[in-house]
Structure formats: structure tokens, C-alpha cells
Undergrad: 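Provided herewith is a single structure, encoded as C-alpha cells, for subsequent inquiry.
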Amino acid sequence: MPATEQTWRNHKVLHILFGASALLMMLATLWMVAKDHNREWKQWQLTDRKKEAQVVQARRDLLEAQFAERMETYSGEIRQLSSKPIPLKLIGDFQGLVESEDLRLEIADNNFASLQSAAESFLDASKAAQDIAAADKGDPEKAANLRLAQEAATKARSTLFYQFATYIDEAKRREKLLVGRRKFMKADHTAAVSELGLLVNGGASKDKQAEVQGKIKGFADQVAGLTEEISFAHSYRTSLEEIVDQLDSELTEVAKERDALKTELTRLEDQVYKNTSNVLEWVTRWPVLNALYDGNVRIDQIWLPDMTIDFNFSQVARFDRCKTCHRAISQPAAGTATDPAYPTLSEEARNLTLKLQTPDSAPEEGSDLGEALEDAYGMVLNGDSLVGYGDAVLVHYALPESLAARAGLQSGDVIVQVGDVPVYNPASVESFLLKQVKWGQSVEMKIRRGLDHPYTTHPRLDLYLSDSSPHPEKVFGCTICHDGQGSGTEFPWTSHTPNNSKQQVQWAREHGWFDNHHWIFPMKPARFAQSNCTKCHYDKPGLEPTERFPEPPAADLVEGWTLVEKYGCFGCHEIGGYDGPDTRIGPDLRLEPNYSEAAHQILRDGGLSADEHRWAESLVETPGDAAARRDLLIAIKHDSQLAKRGNPEELPKLSAATHKLGQSLKDVEVPGTYRKVGPSLRYLSSKVDFDWLYSWIRKPADFRPTTRMPQFFGLHEHLKDPEDASELAESQRYESVEIRALTEFLLENSGKFTYLTPPENVTEAPSADRGKWQFETRGCLACHSHEGFPGIAANQGPDLSRISAKFDSEKGALWLYSWLKQPHLYHTRTKMPDLYLEPIAEKDATGQPTGKVTDPAADIAVFLLGQPVEWEPTDVPADKKQWSTDEQEALADLAVEWLSSDSVPKVRAEQFVKQGIPNHLEPKLKSDERLLLEKNFGDRVGALKKFVARRTIGKYGCFGCHDIPGFEGEKPIGTSLADWGRKETSKLAFENIHKFLEGPGHPDGDHAAHGGHGHLDPGDFDDDTSYYIQSLNSHSRDGFIWQKLRMPRSYDYKTTRNKGFNERLRMPKFPFSAEEREAVITFVLGLVSEPPAEKFVYQPAPAQQAIVDGRTVLERFNCAGCHTLDMEQWKIAFEEGTFESPSSVVDFPFLAPHLDAKKVAESLVKDDRGHYHADLHGLPVMNEQTGLAERFDEDGLPLEPDDDESDPYYRFTLWKDTLIEGEEWLVGLQDLMVPASRDGYGPNDGQAYPAWGGDLARYLYPHVIEHAKLTNPQVKGSEAWGWLPPPLMNEGEKVQSDWLHGFLMDPTELRPAVVMRMPNFRMSSDEAAKLVNYFAAASGAEFPYEYKPQQRASYLAQAEAAHPERMNQAMNIVVDGNYCVKCHAVADFQPQGDVSTFGPNLANVYRRLRPEYVRNWVANPKRILPYTGMPVNVIYKPDAPHLGGVAQALFAGTSIDQLRGLVDLLMNFDVYTERQISITPLVKSAPADESQATNVGGADASRR
Amino acid sequence: MTHGLTDSQFLEIVASFLGPYYIALAMMNGLAALYLWRTGQLCTWFSLPIPLTGKRFEVTNAFVWLLVGSAFVLLAAFAGGGMTSWTSLPESWREAINKGTGPVVYSAGTSIALVILYFTRSFFVKPAVAWTIWNLMWLFLGLSMTDRDFYEIVAKPDNVPIVMLVFLLAFFTWLATYRAVENDKRIENGEPPLEKLDDEKVLVWPDLVYTELICMIALTALLIFWAIALRAPLEEAASSVKTPNPSKAPWYFLGLQEMLVYYDPWMAGVVLPSMIVGGLMAIPYLDFNKKGNGYYTIKERTFSYSIFQFGFLEMWVTLIVLGTLLRGPNWEFFGPYDHWDAHKVSALNNVNLSEYVWARGLNIALPGTPELLWMPDLLRPFGQFLSILFGRELPGTLLVLGYFIALPPILAVFVMPGFYKRMGFIRFMVLANLLLFMASLPIKMVLRWVFNLKYLIAIPEYFFNF
């Protein structure tokens, strides 16, 4: 077929289409490239660079302005120095050197004409300048002349120096020439040597070798010659240079200082340059090219290969690219280690109104307003745009001490308004401040300060990111703590989480934020930022403030943790921190194994043998007694096997219930450690009556608003709708049955309790007045609150204000007395200690017994029960003996609810409830169903009641918090929380929560239910609520738990109709405030069970671990209620000269402070403001009447409360040696006068961190003084501290571990002076050991064992060899009436006089105290306890004979010997007393039959 | 996607989409009017008297589309301005649609619609009618977008192609039918079909290759634009403990996935797909109708056309649409405006035929499985299988065998004797069996919906269910 030109389609059209499609393709490609290139993070970085450049530029300019004067001075000095005449002698020397060198080298032509003339002309010029300078200096014209003359001199000087340089250059040239020649010569020499070697090996002739040898020698000689030459040349040159240096030295010095300033400026300029864009750099950012250059704009990522993220099938390394946008996140402020460079400020701190003082008179008019402004106010403005503001008026810098700086203006502030005028450019501000103000008055300025994210810095660089912090960024990255998508580089894809709905709306608008629920680790919102700490920190104390981090590191989390512990959430919800015995996965909050309870119940079994009884009793008291437990377990197992065998000859002795209980005695792999938080209900009927108990169960807060017992009944928010009226009625009907059945069951089920009665020797009737004083001073207020004692509120135990209404009966009073006296008798696992409320034999003022004996326990009971209270039980059933017909019906219906199931139809259940369950079904029944057997159905109501009550207890899990007889083997009923923070949200039953929130559960109160498809709009609520509403809308955990805690039953809204009564939600409502709720949520959300690699988990060093463990025990027993465990810490900043130098002290050499050079240097560092910093530990002096910190004026006189004029000060008593401006302030010598804050407590400039513990001691301080003044008006306030629970900061250094352990287990009376005595907490040996280790570790002492060489026989022998009589002589001091025995008892000896001044018995020191402590204490007690009344007895005087000390008649030797002797005696008191008696005479002759003795021993050892 | 946004935030997003959307629709109608006007295809539909002048204003098709275009402009203003209550379907309509999209109504409705469309095709292919429907479809989509649940499903990047597929399919079906109707008319009048009119030779270059090249470039550009505009969805990391709910196959397999609801996986996943592939391959060998080559026609190929359209549109496309848009969490049915609530549960108690017959119909226990101890071990499973098949499952077995064995001869003799004659035994039997297999799906669906029938033959002991 012939080809034709004809085509089907128009060629031209096709071409056009092709062109169009190609263009389209190109467009697509370009768009693709652009889209790929213009990534969001680049813009953030560029803006941040600009900000950085701006800020550094401002700092540079400020420095330049500050340096200006110094620079000027340096220039003047340099001019002056350069025009200073130089000694002619040196020029002569120089010339002489040249001449002699010329002579040496035989250079004839030495012409010094030009040098001479240069020298002369310089000297002339210099002289002229000197003359002018010598004349009057005030004349400005002369100054100009002087300057000219100096410049001329400088010029002449440089000519002269050029001449010098010519000679030096010539010398250098010669030297270099010689060096070069020698180099060649050496090379020839080496070559010749090598040639010789070849010849020798090649067997060349001797002649040849000799010839080459000769050559070598020639070269060597020449080298030697040249070396000598060089040394001459060298010394010539250096001598010349030395002279020139000498001439120049002063000048060089000044120039160096000037250059240092210049370098600083240049450094900043470099930094600015690095952050400024220029054309070349811009080109490198182009697509493709940017792959070739690693420019300043790039993705900044931290690679964390070991910090993996769980992607279900594999653990993947993290790449945290957060710093790509958050560039300044770890940048410390210039000159500091951990202060943030760009702090994140609160909104209040960002919008400020400042008062700018204007100069007193109008400044001179200048042409440049900017300069005029700088002159007048010391500030420079800048019209640049700051991040996020567009064009604005920026404060470029404010000079220190200027008006602007005094007003508080800082570099970077944006001026928004001056006076009433909004401003937009620097010119308007300048003209306003220079022309329109009233001089001498202040102008109000509105400014905006600080930056938005992501330009800010992390607020806690001390804890995070910085290299000195425990979490350096290179090791930890960001997302392990914050979560979120670390690899993302775009705002929405990094899974930021807004903190409230306002922020969310803003983010959605500005950054396209959306809730990416596909990323299952969304960032924690700011409010839960602390949650993730528990990923690595499994113990709460590790997150509490310490001396190094006094600012609480995770306050919310710790609060939540504490709340969970206090409210006993773990009673129902197990929080297991272990995955297997050795693998930790999170915080571990579990109940301790209920050995004690089980043993208690086993004791009810009548069939126990004597041994079994003994083991069980031992277990009740000390559940940690593993030996008794195992013995008992084996015995019970054996018995239960008998039951199984059913051999009629060998029948089991124990009941089936006991056999079952035996299971609870088994070993637990890793036992929990928490005790149940509620009181034991084992002997409940001995304590309370039906009415009170009914009312309490119904609504605990009714009786005690602060109670921790949650509310189980009457939670009907979800049944409020009118159409749910029948549901509501049903709930109320059943709940009242439950309450009544529970009440009666608990009382009936209770065991018999034997009350304690007052001892017989008590002579006085109980007195409420005495009781009140006892209640106040015996330590009750450390744990309990009472309305009668305002000023102290403790919540370890319940509030006792209304207790009289609870114990409004005879048995209540009996119970209370027994409880006070011996709490463990009633509740073995109570944390309430035994206060040793033994009868007190009263003494008169002289210390003689008056014959009256009082019983403090009875006094306190009378006091507590005598407080009138208006509370009455309400809504209690009218007829307490008989259930009404209605109630009986309801009871039966409820029993039917419980009985009916898929296998037991309702009809059948009804029949059972009517007539009882046929006896033959017994084997198939569960234990509580057996209560309903026909044979037990004699008392139908009673049986039903018991059955319902037991089921109700099981349903609500009462045994999670209380010891209830018969429920020892039950397990927690709630869902486990160990990984709740990652719980799959589709497994949460949100049910009809949105409708509930729209209707009866509306967060803002009652709202009529409104229809509509959408959910509540978070924007309608306050910030906090909006977050949770939003979270509920997104079906997230956070919202779920919030609502669950707020209204635990609300997820039952509209579901109850189709749910059995017993299938409904049962979580009770805890009385949390909104903040507490959030704290609890913070904790629970942190339970993610995602332990990172072991090396990241917080694994404290042994000492640190001891502290962590110990703090847990300290908290458990509320030690801090009485004792101060750490004094207040004040971090202060102060100006030079605020404190005078400390008074000097003469002390034993071993008491001299060990100054750490590094710390001294640190204390001498000034900050940007020119202030010093110091860290004080101690307490301000308190007022003796009020117990509040007293404020003083400058002269140390107490300040009147209405005095606003004087500057207030605190007298700060140091409890730790402190460095202030490089000087050591020692404990116990004098108080610091610390400038006080005018507005509140704390230092004027700095931060006061509260003391840890000791509330009671501080509360009691004024009270005991007042009390003591009744008998002794002279009593001194400072002494009172000695009567109160001692502070325990250095307890570990002080006491021996073994003694402390014993003391904690069984505290003995130590000091007669102390108002209260250490009670007995019945802690376990393990707990006591933890405390002992804690104290030792906290004060840096040795533990768990300490070596005390002073108590070794070898040491004593050595010491006594040198000084044989030292022990006896030391005893002389002890027993001398002027020394120890004046105040201390020693063994059987008791001092006479005022008990309040007595010290502990010295015979026990050797067991109790550590030797070094005793030495330091005796040497100067105040250096350890500033308040102590003990004087310095052995005085050290370096100049006196024998270095001071006590009389030589008592102890011959120096004061140091005496002191050592005393310490050795006290530390070996047992050895000393042993020497006083002889045992040998006491020994009787041995019995004849030895075998008998052996037998007796054998029998003893047969069984433990 | 709109997860966690407040309603107002969501409406903001929708408004920013709907404004341009309606403008585009307005332009589409404007262009249509322009096209009609410029190509002289104006036609006056009716005329209105102009008061006082005595003249009449002729309402032409172009004028009407212009009016429609202006209406869309107004809609654009309302929707873009956020007045969504004016630009949404009324709540009652949405509820009606939700109710109307249960599985039964949906399947039956689409079948009936297909039948109606088929018989009234000459009306529906009229450009004015088709254009009206086209406009209504877009309008429906626009009005529905303000519904959050609808938006969630339709705007999901995964589902956008399926929505586009619906529109494309509508267009191409119309185009083919339009031309077929034209051709049928022409053939009736003795004229050649349209395609035969310009039956000239076409050059490979430039007519084919050049066009292909242009298409290729344009398509690539389109894909790039698409990829930029709609990012590939990034979902959560795979987990062995959590499967996505709903777990959906790729969109083109959703028809198959839908079959899994009614058939045993073995049947729906293996047998039926193989039958589809095999059947499609067999078509050229089964087809004996020489007409309809190279031009569109319906009348000359009524059988092939209707079978194909039923198989493709009804059995494949509508199932894909159903699977994509109407199947939600737990593979539950959700109306287009229903919230995909994972907690929705519907009663699904399906019963096997054997249970119906023995236990419920005859009131006797199901025949047990014989032990067959006398058989050799190797054969025993087969024996047991067969004895179940012809014992307990006898009713189903009879039905199925009857369906596949008895029906084809009946078809051959009574229903399609002409086919049988022309195709011969084997070809006819293959065709009949393929047809029966195809029909088995709708039949099974109906049985499930009407009788809660689980399986006709249920032998779970040997993983054999039908």
C-alpha cells in the first residue's frame, strides 16, 4: 500500500496536545521537586538561625558598648606607652651586640647611622610628648596636642623598631643560611656512612674503605664547625630579640588585654555570620546541590541504636529528629551550665507592664535620636522582626545599671506600647521617650517577652539534655520520655499532642495538626510530660527532690504515685512491676502476701496443735518469719492429705477452711510490700456499733470529710434521667440491703477482742487537760489532724476531730484505750506505733516523786472522747433488730439475683431462696452458697443476709483494703494496671459516655440532654476539662480514666436496664480534687510496661539504692512527721559585700574544714548580673511565741510586723558548712543575715526549698517553750530544740549501724530531756535495716558495717603502752563534778537537777556512737548541733601549754591526748568496766557428771 | 483523618473542599452549555411567554445547563461560606438512605435498577437525561460530604479511586449504551452501525503510537499530581496481637472478600475465582454469535450483553462498592451516613440446611457419622466423608447435585434449545455450568438473608462446606 500523507488525526492538534502534555509533565515534576524540597523544617531552621543571629548580635553590640570605655583606655595607654622614651642603654647594648658580632664575623662595614638617627628622632618626639603630658591635663586643646605628639612619637617609634627589625632579620638570615648548610652537610654525611656500610658488606678493599672513612670524617668535622657557628648566630639573634622584647614588654601586655576583648567580639561576630544567610550559602541549599554540601540547614538527628522502639515484630533504633526544629532545646544561657538560653515563660511572664524612670531633666538635643536614647536611657532599639511578631520594636540591648535595665528591660523584649500609645517602629518610641515624657517621672511600657515554641529551650537542663545532667541528649534523645514520632520532620506527623482544646484549635489552624491515631505512641501532652519517668524509674524516691536537684524533678508524678499508695488503689488493681523474678518492668505496687491475716484466721481453728498454734501466732506478729510459715504450711498440708485419704483411724484435725487457707502460706516469688491501707475488721464489733458502721459504709465522707475510704453506694449520677427512675429505685432498694447486710455481717463475723485495762498503780483519775497536752506532745499530731490543734495538718492517719461521735459507747471508750496503749493488739499490721503510754509517776520541781501516778493513755482517750461533736448517724434503719418485710423481700430478690445463672434458672433460684437449697446439692455448691442449704436455713433472713453480705464483699473487693475474717485468700478484683498506659483503646468500654456527658454527666453541671450527632465541643470548657473531653472524643485512654475517676459508674449510663444488678460497674468514687485526679492519671498513664535496655534503667549505686529503699520505709512510717530529715535549702544570689566575713574560730585541727578548691572557685563566680551564688542548708531563726521564721532589721533586731521601711533579714542558722564568696561559714558559730523577700517567705533573691520533715518539731517548738516557762520562766528558746524529736541529717555518721537497727526494732529511752519518746513501729528487721542503711548512705558514712579501730584490743594496748594510766585519767574527767556527770548519767549514776538539761547515759556510748563522731562532738558540740546545750569541755588553745585542755591533775597530756583518751574510754566503756570486776572468784567447781550437762544441751537444741 | 477534630473544625475542612468542588461543577455545566451552543446542538425544550411583549422566550438546553451552572455557583458560595445546613442532605433523607442500604435492599435494588435501566435504556441514554443524572450524582456526593461519617469513608485516600471508579463507570457505561442504542436504531432502519461509517485504515504512527505517548505522559503527570495531593496513607505498625478493624482487601479484591461472607473460604477464595478466570478465558470458545464485531450493539447480542453486564456490574463492581463503602468494623453493614461504631453487633445465627431438614423439619436427630471400622485406615476418611455427604448432608447434596446436574439438561431442553442446538453438548454444558456458578452467588445471598442458611452442605470435619 502506498504511503500517504493523510493521517487519521490532525497532526497539528497532536503536536499541540503533545506539547501541552509535556508541559504538564514538567509542571508535575517541578511541583514534585518543590514539594519535596520545601520541607516544613527548613523554614523553622532558617527562622531560628535568624533569631540566633539577632540575639548574638545584640549581645555583641552590648559588649562592644560596654567595652568601649576600656578599649579607649587601652588605646590611650598604648599611645602613652609607645611615646614613652626608651632607655638609651638598651639601644647601646643593641648596637654593641651588633658591633661585636660584626667583629666576630670580620665584617668591616658597620654603619649605625640610620639606627642612630631613628633613635634620636624618636627620643625627640617622645620628649615632646612627655613635656606636653607633664603640663596641665584639663585643657582640651592640649589634649589634642598631646595626642598629635603621641602619634608622632608612635610613628618615630615604629621607624626605630623597623631599624631593629632590620638587624634581627639579617641575623635570622645568617642563622638560616648556616642551618641550611648544615642540613646539606648532614645529608652528605649520612650518604657517606651508608656508602661505607655497602662497601664493608660488599667486601671492598681496605683502601677504598679508608678513603670513604676519610670522607665521613671530613663531613663530620664540617658539621661540628657549622653547629658551633649556628650556636653563635642563634645566641646573637635571640639577644637582639630579647632587647627588643624588653623595650616592647609593657606595650605587649596592654595589647594582649585589648586583644582579648577584641577576640570575644570577633567570636560573637563569627557566630552571627554562621547564622546569617548569604548568596553562596543560599545556592548550596538548592535541590540536588544540597546533597553535595553539608550546610547549616539540615536535619539534626540523634541516633539511638540501643534505645529502641517496639514495632511489634522488631525493636527498632530510634531516630529523634526533634532538634531539627527545636534547635535551641539544649542551649544553655551564655556563661551558665544549665540555665536555659531561651526559657519557656508562662503567659503572665510574657506580657509585662514595666515602669521606666525618665531622666531628671531633658537630655541635650542630638541629631541622632537613637544615640540620644542610648545616652539617656542606656538602651538601643531595633526595628527587626522577631520570630513570630513581624515587624516590631525590639530592645536590642539595655546597658547594665542604666534606666532601662533598672526598669527591667532586657535584650529581645518587644515594646508593644509606651504610655498609652501602641508603637510599631523604633522612631516612635525614641521620639516619645525623648520628647513627650514628663522628665523625672516614670513611663509605663507594655512589653512582650520570650519566644514561642520551637525556639525555646528545655526548662530543666539540669535534669535533661545537657552533658552534666543525668539524661544527656546524646544518650537519651527525646522520644523515650516525650513519646511522639521522633523520625518525623513535619509538625502533624510527629504526633504532637495539644495540652488543651485551645491549643489544639490553634495547632490545627496553624500547623495542620490532626490526631494521627495510627501512631500508637503520640506525644504526651505537657500535663502528662512526667508520666514516662516510670519507664526507667521504678521507685518513687528516685524521683523526689534531692540536694543536687532541689527543684522537684517530677512533682505531679510523685504526687500521683503517693496518692495511689495512700488510697490503696493496689488493693483492687494489681500494679505488678515484675516480669519474672528478676525483670523489672515498672513501678511495683502490690499487696504484701497476707500471711499475717491467714495465720490469724488459722488461729480460729480449734484443732491446732501447740506447735502449730505457736507458729501461727508468730506469723501473725511477724509475717516475715519464713521458718514458722513453712513449718505451718507443711503441717497443714499433711493434715489436708489425711482428709483426702479419709482413713477413719487417722482423721484430720483441722477444718477444710484451714486446709484451703494453707494455700495462702505458700512462698511468693517476689512478694509485694504494701500493707492494706484500711484498718482490720477482724474484731470490728469490739470497736463500733451498728448505727455508726451503717452510716459509715453508706457514705464515709458523711462522718469524716477527709477520709480516704471511697464511696461505694449512692453513686447514681448515671440514673438521673427520668426514664431511668425504675433503675434508680432498684439500685437504691438493693444498695440499702447490701449496706445493712454488710454491716450486720461484719459485726457478727467479728472475733472476740480482749480490751486492755489501766494498770493498777495509777492513782489519778483520767484528765482531759492532761490528755490534751499528751495528745499534742506525744507525737499524735505527726500523723493525725484534729480541729483543736490548728497550725498542723497531717494525713498519715485519720482526722480525729469527730472521733467522740464514733466511740459514743462504753465499748468505744474501752477500745480506744486499748488501741492507744497497744495498737498492734487490735490490728497487727497497723502503721500506728506503740507510743509507750506507760503510767507516769509525777515529780515536783525538785525532781522528787509526788506519789501521783497518771495514765497518759487514759488521759488521751478521755480528751478525745470529751470533744463535743454534733454528728449523728443518719438514714439508719429504724428497726435494728428485725428486718422489715420490704427489706426481707429486697434481700430475697437480691439473693435470687446472685443465685440465678445460666445453670440455675430464676424460678429455681427463687425456690432456693424461699426454702433453702436441698442438702444433697452440697458438694456442688460454692462455700458461700452452702449458707443457704436447708440445714442452715433455720434463720432464713440470717442465712440470706450472710450469703448476700459475703457476695457483696466479694463484689466490691472490701478485702483489698481491710482484713476481713474469711476473706484471706481472695485476690484483687480490679483490672491490672501494670500496662494500662498502653491499653488497647478498643478494649475500653466507652459505652454511652458521650450521651451521658451531654446529659446528666455534663462537666459544667446539669444540662438538659440535647440531641445531635456530634460530641461535646471541648472548646466550651475550661482548659483542663477541654483536654479530657477532647480525649474522650478521640476515644483515648486519658479521657477514659479521667471520667472513670470522676464518676466511676458513668459508663453504665443507659446500660443498666439490660444488665443484672451485680454485673454493673462497681468501682467506688474516691474523693479526689481535680489536681489530684490529674496526678493519679499521670501515674497510671506512665505504667506502660516498656522497659528500655537495661543500661538506661535507673540503677542507682549501692549508696543511692540504700537511700531509695530507705526513703520508702521513711514514708511508710511517716518518720518525717516528727523528724527533720533534711533542713531547708536556700539557693541565694547576692551582691558583693552582702555578708561580712565569718568570725574566725580556733578549733582542734581535725575540725578544720576541708576546702575543695573547685567549690571555692565556684563560689567566687559571678553571674551575668554580677551576683554571687550560694547554697545554704539550715533554718531561719524562729519566733518563740509563734513558731514562725522571725524577720530582723539590719542591726539584728526583730522587725515589727507593720514595719515596711526597713530591709528585712532572716537570721539563718546553718546546718551545713557553706562557702560564701570563697569563705567557709561553719555550722554552730554564727547565723547568717540573709536579705529576706518582701512579699513572702524566702530569700530576697533566690529560692527557698522546704525542709523535709519535722513539721511536728516546728509546731511544738513554741508550745513546749510556753509549757516549760510555766515551771521555769528562764528557759531559753534554743534549748527547746533539744527536747523535740532530733533532726536526723547526719544520723548515719553519728550512730553505729547495729545499735540503730536494734533501736528501731525496739526503741529504748535515750534522753530524759526529750518531751516525747521514740515509739515502736513494729517494723520488720528488713525495714529497720533499710533505714539504717539509708541514714548511713545519706550522710556518707560506712555501711552496712563500720570498722571501729578504737575498739580493738591492739589499739588499746598500743595507746596504753604510751600512756598507761589514760583510761583511769579519762574516767577522772568523766566523774569530775564539773564535767560530764554534771548532766549525764553514767551507768548507775544519775545527775541531780533540772531534767530538761540532762544528756544520755554515757555508759552506752560505746555501743551507740561512732568514734569519730564522739571525738568531734566532744571537741565542739555546736559544730554538729547548733542548738545543743553541751559546752566545749576540752578547750583547744594552740598557744597555751599542753594546748589547753582540762587540768593536768585530771589527765596528764595535751588537750588532744585528753580528748583521745576520753573518746577511747567512752568507746571502750565495757572493757573498762570489765577490768573493774573479776569473775574467777565467782566460778564454782565444775559438776562431777559431765555427760548430764551435754544431755541438757541436746534437749534444748532439739527444736526451735 | 478527621479523628479528634471538633465539628466546627471538620466543617471548616469540608467547606474548603466544597467551594472549589461546586465551582468545578458549575464550570462543567457552563462548558456543556458552551459546547451545545458552539456546535449548534441547541434545541428548544419549551418556550415561556414574556409578559407584555407577546413574544416567547425559548428555553434551550444550553440555557438550562447554564441555569444549573449558576445554581452550582450559588451552592459553592453557600458551602464555601460554611453554611453547611443549607448544603447538606436533610437528616431524614440520610436516615432513609441508611435504612435503604442494608444488604438486601442494596443488592436487590441494584439488580432491579439494572433491569430497569436495561429495558428503558433508550430513555436513559438521551444526553439530556444522562447529563441530568450525571449532575445529580455529583450533587449527591457534594451534599453528602458535610456528613462526617460519609466524609470519613469517601475522602479516605484509599477510597478516592473507588469513588472515581463509580463516576467513570457510569460515564463509560452510558457511552457504550448510547452508541449501542444508536446502532440498534440504525440497524433496524437498515443502516450500517456508526462505527462502520468511518471504517478507514489508521496509521500506527502517528495515530496510534503518538496518541499512546501523549496519553502516557498525561497519565504520568496525573499520577504525580495525585500523589502530591493525596498522600499515601501511613497506617499503624503491623501487630500480631491486633488486626485492623475492619481488615479490608485491596479495593479490587473487595468483591471476592464479600463472597467470603456467604461461602466457605475454600469456595470463595479458590473455586469461584478460578471459575471466573476460567470462564473469562472460555468466552471466545463459547461465543457463537458472529454479530456485534467492531461496533456497539445490544439487540444483536442480547444474551452476551446482559450476562456480561450482570456479571461485571452486579457481581463485581457493586460488590466492590459495597465492600468499600458499606462494610465497616467487624464486617458489619453500615449505611453511608452511619457512624462506624466498632461496638455494633448484629444477630448472626446461621443454620445449616441439614439442621433445617432433620432437626427442625422432621424433628429427628441429625444422622450421625458411621465409624466404618471395617474399612482400611487409608480409605476410612473418604468413606466417612461420603457417608456424611449422603447421610447427614443428603438434602444439600441432592440440591447441589440437582442444581449442577439436573438443571443444564432442563435448560437445554426447555429454556435455551436454540443455544443447545448451535453449541453442541460440551460447549453448552460448559456454558450452563459457568452460568450456574455465577448464579450460585446471588442464590446463596438470598438464601442467607431469607432463611439464615449457613451452608447447603456442611462437613466441617473435612473442611468441606458449600
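Computed from a prediction, not measured in an experiment: that's the story for all the values here. Numbered from 1 within each chain, the chains take letters A, B, ... in sequence-line order.
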Undergrad: Tell me, out of A:Val505, A:Ile520, A:Asp36, A:Thr29, who's got the most heavy-atom pairs with chain B below 4.5 Å.
TA: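 Highest number of pairs under 4.5 Å: A:Val505.
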
Undergrad: Report which part of B:Ala238 has an atom under 4.5 Å of a heavy atom belonging to chain A: side chain, backbone, both, or neither.
TA: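 It is both, since atoms from each part get that close.
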
Undergrad: More than 12 non-hydrogen atoms from neighbouring residues, nucleotides or ligands closer than 6.0 Å to CZ on B:Phe167, yes or no?
TA: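 Counting other residues, nucleotides and ligands, CZ of B:Phe167 exceeds 12 neighbours.
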
Undergrad: Around atom CE of B:Met83, are there more than 12 heavy atoms of other residues, nucleotides or ligands at under 6.0 Å?
TA: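 Yes - once you tally the heavy atoms of other residues, nucleotides and ligands closer than 6.0 Å, there are more than 12.
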
Undergrad: If you take all heavy atoms of A:Ala28 and B:Ile224, which pair is closest and at what distance?
TA: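 Residues A:Ala28 and B:Ile224, closest heavy atoms: O-CG2, 3.6 Å.
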
Undergrad: Do the non-hydrogen side-chain atoms of B:Lys242 and A:Asn312 ever get within less than 4.5 Å of each other?
TA: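 Sidechains of A:Asn312 and B:Lys242: no contact.
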
Undergrad: Any luck finding a side-chain donor-acceptor pair between B:Tyr210 and A:His11 under 3.5 Å?
TA: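 Result is no, nothing qualifies.
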
Undergrad: Side chains of B:Leu234 and A:His518, heavy atoms from C-beta outward: is any pair under 4.5 Å?
TA: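 Side chain of B:Leu234 against side chain of A:His518, heavy atoms only: no contact under 4.5 Å found.
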
Undergrad: About how many Å separate CZ of A:Phe18 and OG1 of B:Thr211, when rounded to the nearest 0.5 Å?
TA: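 Atom-to-atom, B:Thr211:OG1 and A:Phe18:CZ are 12.0 Å apart.
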
Undergrad: To the nearest 0.5 Å, how far apart are CZ in A:Arg9 and CD1 in B:Ile214?
TA: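 Spacing of CZ (A:Arg9) from CD1 (B:Ile214) equals 9.0 Å.
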
Undergrad: Should we say atom OH of B:Tyr296 is surrounded by more than 12 heavy atoms from elsewhere, each under 6.0 Å from it?
TA: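 At most 12 heavy atoms, drawn from other residues, nucleotides or ligands, come within 6.0 Å of this atom.
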
Undergrad: So, do A:Trp493 and B:Arg231 sit near enough that their side-chain heavy atoms are less than 4.5 Å apart?
TA: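 A:Trp493 reaches B:Arg231 side chain to side chain.
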
Undergrad: Of the backbone (N, CA, C, O) and the side chain (C-beta and beyond), which part of A:Ala22 lies under 4.5 Å from a heavy atom of chain B, both, or neither?
TA: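 Looking at A:Ala22, just its backbone touches chain B.
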
Undergrad: If you count heavy atoms of other groups shown closer than 6.0 angstrom to CZ of A:Phe311, is the number above 12?
TA: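 Above 12, so yes.
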
Undergrad: May I ask you to check whether over 12 heavy atoms, not counting those of A:Lys502, lie within 6.0 Å of atom NZ?
TA: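 It does not: A:Lys502 NZ has 12 such atoms or fewer within range.
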
Undergrad: So for A:Leu14, is it side chain, backbone, both, or neither that comes closer than 4.5 Å to the heavy atoms of chain B?
TA: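 Interface part for A:Leu14: both.
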
Undergrad: Looking only at heavy atoms, what is the nearest atom pair of B:Ile228 and A:Lys35, with distance?
TA: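 Looking at all heavy atoms of both residues, the shortest contact is CG2-CD, 3.7 Å.
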
Undergrad: State whether the number of non-hydrogen atoms from other residues, nucleotides or ligands found under 6.0 Å of B:Glu235 atom CD is greater than 12.
TA: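 Counting neighbours around CD of B:Glu235, more than 12 heavy atoms of other residues, nucleotides or ligands fall under 6.0 Å, so yes.
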
Undergrad: For chain A, which candidate among B:Leu213, B:Ile217, B:Thr220, B:Leu222 shows the most heavy-atom pairs at distances under 4.5 Å?
TA: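 Result: the option with the highest number of such pairs is B:Ile217.
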
Undergrad: Top residue by heavy-atom pair count (under 4.5 Å) with chain A, among B:Ser240, B:Cys215, B:Pro244, B:Ser239?
TA: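 The answer is B:Ser239.
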
Undergrad: May I ask you to test the A:Trp8-B:Leu203 pair for a side-chain heavy-atom distance under 4.5 Å?
TA: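 No; the side chains remain at least 4.5 Å from each other.
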
